[in-house]
Number of protein chains: 2
Amino acid sequence: MLFPMKRFDTDLSDGQLKEKILDAADKRFKTQGFKKTAMAEIAGDLGMSTANLYRYFPSKLDIAESFAIRCFITKEQSLKAVVEAENMSSSEGLRAFALASLHYNYQQLQEYPAINDIVVALCAERPDLVERKRSGELELLALIIARGKKSDGWCVGDINELGEAILTSWIMFTTPTFMQHQTLAQLEKVLGDILNLTINGLRPRT
Amino acid sequence: MLFPMKRFDTDLSDGQLKEKILDAADKRFKTQGFKKTAMAEIAGDLGMSTANLYRYFPSKLDIAESFAIRCFITKEQSLKAVVEAENMSSSEGLRAFALASLHYNYQQLQEYPAINDIVVALCAERPDLVERKRSGELELLALIIARGKKSDGWCVGDINELGEAILTSWIMFTTPTFMQHQTLAQLEKVLGDILNLTINGLRPRT
DNA sequence: ATAGTGAATATTTAATATATTATTCATAGT
DNA sequence: ACTATGAATAATATATTAAATATTCACTAT
């Protein structure tokens, strides 16, 4: 073999440094947004050269993409805890899931307004991410629907189609532009009304 | 009296010219959007000076606002015809109303992509218009809900709150940004699924 | 007084030059 | 070969200026 093979711990150390870079980017992105964060800043925070960042990520946009995916995973883990709570009926579970999602989004937007900037940039440049996010949450919602079908006889045809319909009816509560014009109380009220209708629609006819 | 009173037909003729101006603005706005339409173009189309426009509208933005309100009224009239159709059950009426609204929005966006530009400008500068539009459509939707309550025993608490919830669940079908990424068939499918759920939720329990 | 205008002024937008920043690459140290 | 860097280049953003456009106003005609 002409070239020696990689050291077996290369992936690990690479992975660790990638995480460090993402940690640094995370802080900058959340406070400054995408455009106003410079590669030199991220590198500086880590005491390394700008050029070295490119050994770990092909571009700034790719850092933002990985950052976004980490955000998705964090939110999904937080929602997963809600889905897995055992002390609720299916209806209460669905309600809790929707409210948890709203509260999470609202709080993030409140704490890091610059996030809006990243959302806009990624929606334009990496449209697949939108689908990635939706499908992650759909997977969790599908668990709730499946449980409701089994234990409460919810009227469900195709679980994924139903899940997509429900998620679509929640767009107002996941889109920064819309959320920004309303108070949390207003959002909770309307979401509650939508949920009443949805849950009623799911319950079986006697 | 020092100043003679207004000629009694002044309001009428003023009103007529205002309409003429709006007709001219309509053509320009729909094809060129807000920013790219110049006051000089509108005036030129009418064979008058730019300055004269200001005798009828205080600003370009006010012309756009009146234009938007005319658009709302046109859409509302078209929806009103659907609401007033006698040959449908309440459920069919609701379904027809939602689909008519989607088709109207989709067709407008398809025929006049520049409309997006006007929507953005007006949402930023005249946020009240959003509320004006919503309340206009809410009024019509409320008629359908009231009829369903009366004739089919739909479970309705506050009609307006329910109407707002339903309209909110339809945001995806009234927002250019979202519509642009989907085909009409996709939009129809998801809206149909949402409607199934909604209508099921409204029907009384036996 | 009412309808209208040309010309002056104030804002916006478009074009350009300038400066930052992203990205690449040849090279050094291990 | 692996990690890393400084310096070069390419792409973007910022600042500056020029041009276009919105808006005002003093004035004409009726």
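To find a chain, count down the sequence lines: A is the first, B the second, and so on, and within it residues start at 1. Quick caveat, the model's predicted, so the values are computed rather than measured.
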Can you measure B:L46 atom CG to C:dA3 atom C1' for me and round it to whole angstrom units?
15 Å
Considering only side-chain heavy atoms of B:A38, which listed nucleotide, D:dA13, D:dA22, C:dT23, is closest?
D:dA22
For A:A51, report the nucleic acid contact type (base, sugar-phosphate, nothing); a contact means any heavy atom under 4.0 Å.
base
Can a salt bridge be assigned to the pair B:D45 and B:R28 using a cut-off of 4.0 Å between side-chain N and carboxylate O?
yes
Would you mind reading off the distance between B:K60 atom NZ and C:dT11 atom P, rounded to a whole angstrom?
16 Å
Do any N or O atoms from the side chain of A:S59 and from the backbone of A:L61 form a donor-acceptor pair under 3.5 angstrom?
yes
Can you measure B:I42 atom CD1 to D:dT21 atom C1' for me and round it to whole angstrom units?
12 Å
Is A:S59 touching bases, backbone alone, or none of the nucleic acid, heavy atoms closer than 4.0 Å?
sugar-phosphate
Give me the atom names and distance for the closest heavy-atom approach of B:C155 to A:N200.
SG-ND2, 4.4 Å
Take the protein atom CE of B:M39 and the nucleotide atom P of C:dT9, then report the distance between them rounded to whole Å.
20 Å
Using atom NZ of B:K36 as one end and atom P of C:dT12 as the other, report the distance to the nearest whole Å.
19 Å
Atom CD of A:E41 to atom P of C:dT20: distance rounded to whole Å?
14 Å
Test item: side-chain donor near acceptor, A:S101 and A:K75, under 3.5 Å:
yes
To the nearest angstrom, the CG-C1' distance between B:L53 and D:dT23 comes to 11 Å
Quick check: on DNA chain D, is the nucleotide nearest A:M48 upstream (toward 5') of the one nearest B:F34, or the reverse? Name the residue that is more 5'.
A:M48
Side chain of B:R55 (C-beta onward), nearest among D:dT24, C:dA3, C:dT13
C:dA3
Starting at atom CD1 of A:I21, determine the distance to atom C1' of D:dA4, rounded to an integer number of angstrom.
12 Å
When you measure from the side chain of A:D117 to the backbone of A:K35, do you find a donor-acceptor pair of N or O atoms at a distance under 3.5 Å?
yes
If the cut-off is 4.0 Å, is B:Y56 near the phosphate of C:dG4, judged by side-chain N/O to OP1 or OP2?
yes
